[in-house]
Undergrad: 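Got a structure for you, written out below as structure tokens; questions coming shortly.
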Amino acid sequence: MNRISKLTTIFILILATLTLCVSADDVYSSQDDPLVSLSYVNDVLGPEIMAQVLSKIETEYVKISDIGMASAGSYTYVTLKKGQTLMAKACCEVVLLEGTATTVVTSSANVAAGVGISDLTAGTVNVNGSLLPANHYMVIPKADGRGLVVSSDTAIILVRGEYNITG
């Protein structure tokens, strides 16, 4: 081969190699695919990721604990006087410990349908105007105008759930 063709071949090879390097540099730029050291991952990225994960876990834990506290609830003693009414806001559990009280259902549709307060101890439903039995576990399932009114001088009721007292 003559000298010009050898130089041309070498020049073409060098040019091809440079073209390949430049195109490889474009494909593997540091912004698109950074190369990091293990110490950067351990000292910078690791703590950042762990902080994000822990904050997410804490947020979800607070939501779950709020649900648990709301569902677990605690019973409270409520002392009512004659004529006072306890109306359920949402699912409410009541146990009449002392005194007498009658069931109140304010919705005419519920009265017509025979809806009232569920007596889980006896397995019955106390409809509007019926006496609540003492020491029976009663459930008011909805906030649709169901509750109880005290007919004795005072009544002590064990309550769990949301309610309003009027009168």
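Counting begins at 1 with the first residue of the sequence.
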Undergrad: Could you measure the distance from the CG atom of Leu86 to the CD1 atom of Ile165? Nearest 0.5 Å is fine.
TA: 5.5 Å
Undergrad: Within this structure, what is the OG1-CG distance for the pair Thr106 and Asp144, rounded to the nearest 0.5 Å?
TA: 7.5 Å
Undergrad: Please check this pair: side chain of Gln52 against backbone of Ile49, looking for a donor-acceptor N/O pair closer than 3.5 Å.
TA: no
Undergrad: What distance separates Thr85 OG1 from Tyr163 OH, expressed to the nearest 0.5 Å?
TA: 14.0 Å
Undergrad: Residues in side chain to side chain contact (heavy atoms under 4.5 Å, CB included) with Pro133, at least two apart?
TA: Asp119, Asn126, His136, Met138
Undergrad: Would you indicate whether the side-chain heavy atoms of Ser130 and Thr102 approach each other to under 4.5 Å?
TA: no
Undergrad: Less than 4.5 Å apart, any side-chain heavy atom of Val159 and any of Cys92?
TA: yes
Undergrad: Would you say Thr100's side chain and Ser152's backbone share a donor-acceptor pair under 3.5 angstrom?
TA: yes
Undergrad: Quick one, Asn135 and Leu97 - any side-chain contact, counting heavy atoms below 4.5 Å?
TA: yes
Undergrad: Check Val149 against Gly83 and note the closest heavy-atom contact, atom names and distance.
TA: CG2-O, 3.8 Å
Undergrad: In this structure, would Ile156 and Val95 fall into the same cluster of hydrophobic residues linked by side-chain contacts under 4.5 Å?
TA: yes
Undergrad: Measure across Ile140 and Gly147 and return the closest heavy-atom pair with its distance rounded to 0.1 Å.
TA: CD1-CA, 4.1 Å
Undergrad: Other than Val111, what residues sit in its cluster of Ile, Leu, Val, Met, Phe, Trp and Tyr side chains whose heavy atoms are under 4.5 Å apart, directly or through others?
TA: Val105
Undergrad: Nearest 0.5 Å, please: how far is CD in Gln84 from OG1 in Thr166?
TA: 8.0 Å
Undergrad: Between atom CG of Leu80 and atom CG of Leu148, what is the distance when rounded to the nearest 0.5 Å?
TA: 7.0 Å
Undergrad: Do Thr154 and Glu98 have side chains that approach each other closer than 4.5 Å (heavy atoms only, starting at C-beta)?
TA: no
Undergrad: Can you tell me how far apart OG1 (Thr103) and CD1 (Ile117) are? Round to the nearest 0.5 Å.
TA: 4.0 Å
Undergrad: Assess whether atom CG of Asp153 is packed by more than 12 heavy atoms of other residues, nucleotides or ligands within 6.0 Å.
TA: no
Undergrad: When you compare the side chain of Leu158 with that of Tyr77, does any pair of heavy atoms fall below 4.5 Å?
TA: yes
Undergrad: Suppose we screen for side chain to side chain donor-acceptor pair (under 3.5 Å). Which residues come up paired with Glu93, at least two apart in sequence or across chains?
TA: Tyr75, Tyr137, Arg160
Undergrad: Are Val78 and Leu132 joined in one hydrophobic group, where the rule is that I, L, V, M, F, W and Y side chains link up if heavy atoms are under 4.5 Å apart?
TA: yes
